[in-house]
Amino acid sequence: MTHIIFSDYRHPAAEQAYEIAWDFLSRTDAIRDEFEACVFLAQRITVMVEEGHANRIRMANRAISEYQHHVEEADDYIRRGGRRAGGH
């Protein structure tokens with residue numbers, strides 16, 4: 001698996017949070033598409049930094065949770081044959 005790097009010059013904890021999240025997701029084989037996971041984690045962590053979050057562990061845990069939820073929603077969408085919940 002290729003290692004994709006993320007850095008946010010505004011806050012060093014952001015890079016650490018990304019590394020923690022990436023490492024966890026990689027070790028649990030949760031990453032299906034490396035580029036998509038990289039973009040997803042980078043966007044989520046960037047938003048957290050912009051919201052004023054500074055704790056790298058909290059940011060990493062939140063990013064992991066949101067990524068796992070994102071993957072579950074995508075799986076559900078595929079299982080429903082491309083239909084949104086509620087049949088629409």
Within a strict 4.5 Å, meaning less than it, do heavy atoms of the Trp22 and Glu34 side chains meet?
yes
How many angstroms lie between atom CZ of Arg58 and atom CZ of Arg56, to the nearest 0.5 angstrom?
12.5 Å
Angle between ring planes, His70 versus Tyr67, binned at 30° and 60°: parallel, tilted or perpendicular?
tilted
Would you check, one step at a time, whether the test side chain to side chain contact (heavy atoms under 4.5 Å, CB included) holds for Tyr18 with Met59?
CA-CA 8 Å; Tyr18 174 87; Met59 288 191 292; over 6 Å; no
Heavy-atom pair of closest approach, residues Ala17 and Ile45:
C-CD1, 3.8 Å
Would you give the length of the straight line joining atom CZ of Arg44 to atom CD1 of Ile64, rounded to the nearest 0.5 angstrom?
14.0 Å
Roughly how far apart are Phe40 CZ and Leu25 CG, rounded to 0.5 Å?
9.5 Å
Taking side chain as C-beta onward, heavy atoms only, is Ile20 less than 4.5 Å from Asn61?
no
Glu51 meets the salt bridge (charged side-chain N to carboxylate O under 4.0 Å, His left out) criterion, sequence neighbours left out, with Arg62
Over all heavy atoms of both residues, which pair between Ala13 and Ala54 is shortest? Give the atoms and the distance, please.
CB-O, 3.3 Å
For Ser26 and Ile31, work out which heavy atoms get closest and say how close.
N-CD1, 3.8 Å
Cation-pi check for Tyr77 against Arg80: NZ or CZ below 6.0 Å from the six-membered ring centre and within 45 degrees of the axis, yes or no?
no
